[in-house]
Amino acid sequence: MERPAGPDAREACAADGFLKFFAQEWTSHIVLALARHGALRFGALRRQLPPGLSARVLSARLKALEAAGYVERRDLSGRVLHVEYSLTPSGLAVDAALASSESLMSAGLSKTGQKETSGS
């Protein structure tokens with residue numbers, strides 16, 4: 001089956017890239033933590049996330065989120081290195097979309113998007 005040509009194909013590709021980006025392990029967790037707790041320093045953010053997340057992976061995900069425009073990195077250094085991370089307006093919009101998807105899941109939709117039935 002061929003993909004549709006024209007504007008619909010371009011929209012599907014844009015959504016595909018967006019979904020692949022946020023499907024990377026820990027990316028949505030980071031967005032949710034920053035949305036719930038506001039601006040956080042690296043260590044404080046790491047404490048808000050599951051313990052399996054390494055500092056190296058967190059750093060890489062934050063850099064990717066910053067490059068994509070979802071996270072802002074603010075250097076508040078005086079004598080001591082002090083960097084805070086917070087969501088941009090685009091990041092807040094992603095949080096709202098993630099919250100909507102959580103609502104769908106809690107309404108009884110399975111991972112396949114079909115209504116779960118009892119007695120399987």
Side-chain angles (χ1 to χ4, degrees):
M1 179 177 219
E2 290 185 34
R3 289 185 109 172
D8 291 337
R10 284 190 295 276
E11 290 173 14
C13 291
D16 189 48
F18 174 84
L19 292 172
K20 284 180 181 175
F21 180 79
F22 281 97
Q24 294 178 84
E25 192 171 24
W26 307 114
T27 303
S28 61
H29 289 82
I30 294 166
V31 170
L32 292 172
L34 289 172
R36 302 304 177 267
H37 302 285
L40 292 171
R41 293 180 68 176
F42 186 88
L45 175 58
R46 190 167 178 211
R47 286 188 295 276
Q48 297 301 321
L49 296 165
L53 175 60
S54 71
R56 192 187 85 195
V57 171
L58 176 56
S59 178
R61 294 296 185 268
L62 284 168
K63 286 177 185 173
L65 284 162
E66 182 184 8
Y70 298 114
V71 167
E72 178 184 21
R73 180 184 186 271
R74 291 183 47 210
D75 185 357
L76 304 171
S77 296
R79 290 183 180 180
V80 179
L81 180 63
H82 183 133
V83 176
E84 285 185 343
Y85 296 93
S86 60
L87 293 179
T88 63
S90 295
L92 291 169
V94 168
D95 174 60
L98 292 173
S100 294
S101 67
E102 285 178 347
S103 296
L104 287 173
M105 294 304 290
S106 66
L109 296 178
S110 71
K111 290 182 182 179
T112 61
Q114 298 174 349
K115 192 83 169 164
E116 291 183 3
T117 59
S118 58
S120 306

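Values below: all heavy atoms of this structure, side chains included; hydrogens, waters and symmetry mates excluded.
Side-chain contact between Q48 and L40 is present, with heavy atoms from C-beta onward closer than 4.5 Å. Using a 4.5 Å cut-off on side-chain heavy atoms (C-beta onward), L65 and L34 make no contact. Annotation: side chain of L58 is in contact with side chain of F42 (closest heavy-atom distance under 4.5 Å). A 4.5 Å side-chain heavy-atom check between V71 and L87 finds at least one atom pair inside the cut-off.
With values rounded to the nearest 0.5 angstrom, I30 atom CD1 is found 10.5 Å from E25 atom CD. Here R41 contributes atom CZ and Y85 contributes atom OH; the two are 10.5 Å apart, rounded to the nearest 0.5 Å.
The 12-atom threshold is not exceeded at CZ of R56, counting heavy atoms of other residues, nucleotides or ligands nearer than 6.0 Å.
A donor-acceptor pair under 3.5 Å is formed between the side chain of Q24 and the backbone N or O of F21. No side-chain donor-acceptor contact under 3.5 Å links R73 to the backbone of K63.
In this structure, D95 and R36 approach most closely via the heavy-atom pair OD1-NH1, 2.9 Å. Considering every non-hydrogen atom in both T88 and E72, the closest pair reads CG2-N, 3.8 Å. The nearest pair of heavy atoms linking A33 to L45 is CB-CD1, 3.8 Å. Between V31 and G91, the shortest heavy-atom distance links the atoms CG1-O, 4.0 Å. Residues W26 and G52 approach most closely at CZ2-C, 3.9 Å, considering heavy atoms. Nearest heavy-atom pair, R46 versus S54, reported as atom, atom and distance to 0.1 Å: NH2-CA, 3.8 Å.
Relative orientation of the F22 and Y70 rings is perpendicular, given thresholds of 30° and 60° on the angle between their planes.
Note: the hydrophobic cluster containing L76 does not contain L62 (ILVMFWY, side chain heavy atoms under 4.5 Å, direct or indirect links).
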